[in-house]
Amino acid sequence: MNLYSLHNLGYQYEGRKILDIEHFTFDEGQTLALVGPNGAGKSTLLNLLAFLTRPSRGEIVFMGQTATDRNRAQLRRRVGYVQQNPYLFNSTVLENVELGLKLRHVNRELRRERAMNVVEQLGLEHLAPRRAHELSGGEVQKVALARALVLEPEVLIMDEPFTYLDKRFVQELEQIIVTIRENRAQSILFSSHDQMRARVLADRVCSIINGKLIMESSINLLYGLFRKEDKIFDTGRIRIHTPDDIEECKLIAIEPDQIVLSRQKLDSSMRNSFQGKVKALHMQGKHIEVTVDVGELFHSTITRAAHDELGLTLEDTIWLSFKSSAIKTL
């Protein structure tokens with residue numbers, strides 16, 4: 001069953017078009033990741049899907065029910081939303097986690113029990129008596145997640161949930177998402193700048209660029225300016241040679257398996273070569289996914305044998321190369 005169906009959805013702010021989505025569906029029980037640059041419209045879309053904001057046009061259908069002014073508050077109760085900069089009341093952590101249950105008139109004993117269960121699951125027992133103003137940014141994020149989960153929502157929405165977290169809790173949150181995904185206990189939507197993390201954690205990855213949803217799960221999406229005279233695509237950080245037959249583009253993609261990694265700059269016909277640093281290594285079945293920072297972040301997929309031959313470790317200097325013919329325009 002479709003969890004969400006979006007039809008001719010648009011949102012404008014002060015006359016500026018923020019979102020323009022013709023049609024989109026998202027199935028119940030899935031985990032969906034939204035990736036894209038700052039200002040692309042990710043947070044705006046999540047606010048709409050959490051029923052906090054009314055669209056400028058079009059409709060949102062949630063589990064067969066069209067959202068209207070009359071039922072928007074009711075639908076909002078079925079969604080748990082962890083915003084990028086969540087607000088906590090200046091009371092104890094446990095009282096913040098309990099708040100939603102209190103507003104729903106759950107009796108004190110039951111709400112305390114449910115809140116403590118979630119607090120323990122997230123390893124926050126030591127924070128329970130502390131007040132919100134005593135917490136770090138990462139701790140606030142953890143408490144906001146607990147506050148959302150205690151309500152047992154049908155869908156959990158998280159806006160850049162990994163941004164302020166320490167490494168240990170990043171791993172714990174990743175495991176929480178994996179567990180929910182495996183059990184299909186809830187549907188999950190989250191936004192992220194990290195395309196590789198999104199690919200690992202989600203059933204489906206969609207990119208949002210300039211307010212438009214790109215349905216394919218392309219990695220290595222780059223936005224920039226195309227110089228027709230010399231067939232250069234300039235991202236503002238690097239310049240990429242494009243195929244000769246391209247006349248115009250604002251967005252390009254390079255599939256991970258089209259990118260070649262090497263210790264030395266290759267003497268080859270590949271017109272695009274950049275030197276950078278290895279930032280992440282993810283094991284995916286028989287392959288290793290390598291994230292390289294060359295001014296822009298690129299993700300490459302290589303075999304384990306190739307990885308062993310290169311001997312890659314984090315922060316190694318590496319060359320990244322691809323043919324201009326590997327570039328897709330979107």
Side-chain angles (χ1 to χ4, degrees), residues 1-11 18-36 41-84 86 99-106 111 114 117-118 121 144-161 173 176-192 198 201-208 211-217:
M1 179 178 181
N2 289 338
L3 181 72
Y4 286 101
S5 296
L6 313 183
H7 306 285
N8 193 32
L9 188 70
Y11 185 81
I18 308 297
L19 285 178
D20 183 13
I21 300 171
E22 291 184 11
H23 180 70
F24 177 72
T25 59
F26 171 48
D27 290 342
E28 184 181 3
Q30 283 191 331
T31 296
L32 170 72
L34 287 174
V35 298
K42 299 191 300 296
S43 295
T44 299
L45 179 56
L46 293 183
N47 282 331
L48 289 169
L49 297 180
F51 306 108
L52 295 175
T53 306
R54 181 190 298 108
S56 302
R57 71 159 200 274
E59 66 177 16
I60 301 172
V61 181
F62 181 74
M63 298 191 74
Q65 191 173 0
T66 301
T68 65
D69 288 343
R70 184 170 295 179
N71 67 6
R72 190 167 281 108
Q74 174 195 354
L75 295 178
R76 190 182 303 141
R77 290 165 64 92
R78 300 167 67 179
V79 176
Y81 189 21
V82 182
Q83 295 175 299
Q84 187 173 0
L99 181 61
L101 296 173
K102 184 177 182 179
L103 294 174
R104 296 185 182 186
H105 307 294
V106 176
R111 71 174 183 253
R114 285 174 58 177
N117 283 341
V118 172
Q121 288 171 16
L145 176 60
R147 184 174 60 186
L149 288 174
V150 77
L151 296 174
E152 299 176 352
E154 294 169 62
V155 54
L156 177 64
I157 297 178
M158 295 179 285
D159 190 4
E160 297 285 354
L173 180 55
I176 289 168
I177 293 174
V178 168
T179 300
I180 294 174
R181 177 184 172 186
E182 290 175 348
N183 296 333
R184 301 301 180 189
Q186 287 161 319
S187 304
I188 299 176
L189 289 85
F190 70 92
S191 62
S192 178
L201 294 176
D203 300 299
R204 184 178 176 191
V205 180
C206 291
S207 299
I208 186 164
K212 292 186 178 292
L213 268 181
I214 298 170
M215 302 307 174
E216 58 186 280
S217 60

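Numbers here are sequence positions counted from 1.
How far CZ of R204 is from CG of L189: 10.0 Å, rounded to the nearest 0.5 Å. Between atom CG of residue L6 and atom CD of residue E22 there is a gap of 12.0 Å, rounded to the nearest 0.5 Å. Atoms CG and CG, on L213 and L34 in that order, are 6.5 Å from each other to the nearest 0.5 Å. Here the CG-CD1 distance, from L145 to I176, works out to 5.5 Å after rounding to the nearest 0.5 Å. Atom CD1 of I208 and atom CG of L45 lie 5.0 Å apart (nearest 0.5 Å). Annotation: the span from D203 atom CG to T31 atom OG1 amounts to 5.0 Å, rounded to 0.5 Å.
At least one donor-acceptor pair under 3.5 Å links the side chain of K42 to the backbone N or O of G36. Without hydrogens or angle criteria, Q186 side chain to P153 main chain gives a donor-acceptor distance under 3.5 Å. Of the possible donor and acceptor atoms, one in the side chain of R111 sits under 3.5 Å from a partner among the backbone N and O of V106. Between the side chain of R57 and the backbone N or O of N8 there is at least one donor-acceptor pair closer than 3.5 Å.
Counting heavy atoms from C-beta outward, V61 and H7 have side chains that approach closer than 4.5 Å. The closest side-chain heavy-atom distance from T25 to S5 is below 4.5 Å. Contact check for L32 versus D27: no side-chain heavy atoms found under the 4.5 Å cut-off. Using a 4.5 Å heavy-atom threshold, the side chains of Y81 and D159 count as touching. Between V79 and R76, the closest side-chain pair of non-hydrogen atoms is not below 4.5 Å. In this structure, I60 and L75 have side chains that are not in contact, with every pair of non-hydrogen atoms separated by 4.5 Å or more. At a threshold of 4.5 Å between non-hydrogen side-chain atoms, the residues L3 and S187 count as touching. Between F190 and L201, some side-chain heavy-atom pair lies under the 4.5 Å cut-off.
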What verdict does the side chain to side chain contact (heavy atoms under 4.5 Å, CB included) test give for L101 and V150, after you've listed the backbone C-alpha separation in whole Å, the side-chain angles of each residue and the deciding distance to 0.1 Å?
CA-CA 8 Å; L101 296 173; V150 77; 3.6 Å; yes
Apply side chain to side chain contact (heavy atoms under 4.5 Å, CB included) to the pair I177 and L156, showing each step before the final yes or no.
CA-CA 10 Å; I177 293 174; L156 177 64; over 6 Å; no
Side chain to side chain contact (heavy atoms under 4.5 Å, CB included) evaluation trace for V155 with L49
CA-CA 10 Å; V155 54; L49 297 180; over 6 Å; no
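Residues L46 and S191 approach most closely at CD1-OG, 3.8 Å, considering heavy atoms. Minimum heavy-atom separation, L52 to Q83: CD1-NE2, 4.0 Å. Scanning both residues, S43 and Q84, for their nearest heavy atoms gives OG-OE1, 4.5 Å. In this structure, L173 and M158 approach most closely via the heavy-atom pair CD1-SD, 4.3 Å. Considering all non-hydrogen atoms of both residues, A198 and V205 come closest at O-CG2, 3.6 Å. Contact record, S56 with Y11: OG-CA, 3.4 Å, taken as the closest heavy-atom pair.
N47 and T44 are not linked by any side-chain donor-acceptor pair at a separation below 3.5 angstrom, with hydrogens and angles left out of the test.
Relative orientation of the F51 and F62 rings is perpendicular, given thresholds of 30° and 60° on the angle between their planes.
Heavy-atom contacts from other residues, nucleotides or ligands closer than 6.0 Å to CD of Q65 number more than 12. Within 6.0 Å of atom CZ in R70, 12 or fewer heavy atoms from other residues, nucleotides or ligands are found, so the atom counts as exposed in its surroundings. Within 6.0 Å of the CZ atom in R77, the count of heavy atoms belonging to other residues, nucleotides or ligands does not exceed 12.
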